[in-house]
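The next block holds one structure in the form of C-alpha cells; read it before the comments.
We're numbering straight along the sequence, starting at 1.
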Amino acid sequence: MFSTYPGQVVVDHPVKVPIEHRFDPYVDNGGTLLSIAGEDFCVVAADTRQSEGYSINSRYVPKSVKLSDKTVISMGGCYADCLTLTKKIQQSMEWYHHAHGKTMSTAAVAQMLSIMLYQKRFFPFYSWCILGGLDEEGKGAVYTYDPVGSYERESCRCAGSASSLIQPFLDNQINFKNQVSQKKTLSLDQVLRITKDSFTSATERDIYTGDYLELFVITSKGVEVQKMDLKKD
C-alpha cells in the first residue's frame, strides 16, 4: 500500500498476468508426394527435402519406402511420426509373413494402415499417406488417407506443401477433367513425364519442395527406383 497525501491510504494490488504454457508435439517438415495408377503399373514419387520453417534440415531424406515388390508407401508431414508409422507397418508385415507364409497384398496393407491410423485417432500421427502398388489383378492402385484412417482408392493423388499446385494439373492431365477429348490410357513413359513436369514446376513456387525427386515405378517385374535433380534454392 502507499499514501498519496496525509490521511489518505490507497491499497495497490499488482495485476497478475496469467502465464501460458504450450506444448506442441507436431512439426511440419514440408515436402510433396504423389502417386499415379496406370493400367498395369503404378508410379510413386516424392521430393527429398526436409525443412522446418525457412531452414533446410537435410537435402536428402526419402519420403517413400518400398514395402514389398508390389507396394510402396509415401509419407509427408512430421518426419518423426512418419518414421514411427513406417516401422509399425514393416513390423506388422513381417509378422504376417511369418504367420501366413506369404507377403501382404496391396489391398491388405491399405486396410491395415487405415486401422493403425484410426487406433491413434485421439493423438493422431501427423502424416499424410499415399499408398501405391498393384492389386491382385495386376492393375495399378493408389490409396489416400486422412490423419485418422479414412481412405479411398483413386487413380492419382498429390499431398504435401505443393499439392494445391500439382493436383489441378493431375486432374487435367490424368483424369482429363475440363477437356473435350475422350479419356485415354496413358503409357508409363507419359506418366513419368507428367510426374517430372509436375515437380519441376512446383519447385519454382514452393520453397518446401526441392533438391531431388525419387520415383518408384511398380510393375509386374518389381520396383524400380529413379532419381532426378530438382531446384536446390
Side-chain angles (χ1 to χ4, degrees), residues 23-36 42-68 70-96 104 106 108-133 141-152 154 156-164 166-167 195 199 202-203 206-216 218 223 225 227 230:
F23 169 67
D24 188 358
Y26 297 124
V27 62
D28 187 357
N29 293 121
T32 305
L33 43 129
L34 70 80
S35 185
I36 302 173
C42 185
V43 174
V44 178
D47 74 307
T48 63
R49 176 175 294 180
Q50 186 196 98
S51 58
E52 185 175 346
Y54 292 104
S55 301
I56 297 177
N57 297 332
S58 176
R59 295 191 181 275
Y60 186 73
V61 177
K63 298 178 178 66
S64 302
V65 177
K66 174 185 173 183
L67 299 177
S68 71
K70 292 185 177 181
T71 310
V72 174
I73 191 167
S74 191
M75 297 185 190
C78 179
Y79 177 69
D81 280 5
C82 294
L83 192 62
T84 301
L85 183 55
T86 301
K87 289 180 178 179
K88 285 175 64 68
I89 295 172
Q90 291 174 325
Q91 185 182 54
S92 295
M93 290 183 68
E94 184 177 353
W95 288 347
Y96 180 93
M104 291 183 72
T106 302
V109 177
Q111 178 64 50
M112 181 184 68
L113 176 57
S114 174
I115 295 172
M116 286 183 175
L117 292 172
Y118 187 72
Q119 287 173 338
K120 286 275 291 180
R121 63 191 179 279
F122 297 115
F123 189 8
F125 288 110
Y126 184 32
S127 62
W128 46 81
C129 305
I130 296 180
L131 185 73
V142 173
Y143 297 91
T144 60
Y145 298 79
D146 72 358
V148 293
S150 297
Y151 77 108
E152 62 178 327
E154 298 183 276
C156 65
R157 175 59 67 176
C158 180
S161 56
S163 59
S164 60
I166 297 178
Q167 189 61 50
T195 301
F199 277 91
T203 54
D206 180 38
I207 63 173
Y208 304 110
T209 303
D211 296 319
Y212 301 98
L213 172 64
E214 275 193 341
L215 299 104
F216 287 72
I218 310 163
V223 179
V225 182
K227 189 175 177 182
L230 295 174

Q) Roughly how far, to the nearest 0.5 Å, is CD of E52 from CG of D28? A) 9.5 Å
**Q.** pair C42-V142: side-chain heavy atoms closer than 4.5 Å
**A.** yes
Q. Would you say V65 and I89 make side-chain contact, with heavy atoms under 4.5 Å?
A. no
Q.
If I take atom OG from residue S74 and atom CD from residue E214, how far apart are they, to the nearest 0.5 angstrom?
A. 9.5 Å
(Q) Could you check whether any side-chain heavy atom of P62 comes within less than 4.5 Å of a side-chain heavy atom of F216, counting everything from C-beta outward? (A) no
Q) Looking only at side chains, do T144 and E154 share a donor and an acceptor under 3.5 Å apart? A) yes
Q | Distance-minimising heavy-atom pair for Y208 and S161 | A | CB-OG, 3.6 Å
**Q.** Smallest separation among heavy atoms of V148 and P124, with atom names
**A.** CG1-CG, 4.3 Å
**Q.** Considering all heavy atoms, the nearest S35-G132 contact
**A.** OG-CA, 4.0 Å
Q.
A quick test of your reading: do over 12 heavy atoms of other residues, nucleotides or ligands sit less than 6.0 Å from NZ of K87?
A. no
Q: Would you mind reporting whether V109 and Y143 have side-chain heavy atoms less than 4.5 Å apart?
A: no
Q) Taking the side chain as C-beta and beyond, is there a heavy-atom pair between C158 and T32 under 4.5 Å? A) yes
Q) Just by modelled atom types, is the I218 backbone N or O under 3.5 Å from a matching donor or acceptor in the K70 side chain? A) no
Q. Counting heavy atoms not belonging to Y118, are there more than 12 under 6.0 Å from its OH?
A. no
Q. Looking at A46 and L213, what are the two nearest heavy atoms and their distance?
A. O-CD1, 3.5 Å
**Q.** Smallest separation among heavy atoms of L85 and S127, with atom names
**A.** CD2-OG, 3.9 Å
Q: Working to the nearest 0.5 Å, report the span between NZ of K120 and OG1 of T84.
A: 8.5 Å
Q.
Angle between ring planes, Y145 versus Y151, binned at 30° and 60°: parallel, tilted or perpendicular?
A. parallel
Q | Main-chain N/O of G160 paired to S163 side chain as donor or acceptor, under 3.5 Å | A | yes
Q | T48 and D211 side chains, donor-acceptor separation under 3.5 Å | A | no
Q.
Under the rule for side chain to side chain contact (heavy atoms under 4.5 Å, CB included), what residues qualify as partners of A108, not counting sequence neighbours?
A. M104, S105
**Q.** Spacing of CD belonging to E152 relative to CG belonging to D146, to within rounding of 0.5 Å
**A.** 10.0 Å
Q: For a salt bridge (charged side-chain N to carboxylate O under 4.0 Å, His left out) with D47, tell me which candidate from K227, K63, R59 qualifies.
A: K63
Q.
A side-chain contact here means heavy atoms from C-beta on lying under 4.5 Å apart; do V44 and I130 qualify?
A. no
Q: Measure across L33 and M75 and return the closest heavy-atom pair with its distance rounded to 0.1 Å.
A: CD2-C, 3.6 Å
Q | Heavy-atom side-chain proximity of R49 to T209 below 4.5 angstrom | A | no
Q) If only atom types and distance count, is the side chain of N29 paired as donor or acceptor with the main-chain N or O of S51 below 3.5 Å? A) yes
Q.
For F125, does the six-membered ring have the charged nitrogen or CZ of K88 within the cation-pi criterion, i.e. under 6.0 angstrom from the centroid and within 45° of the normal?
A. no
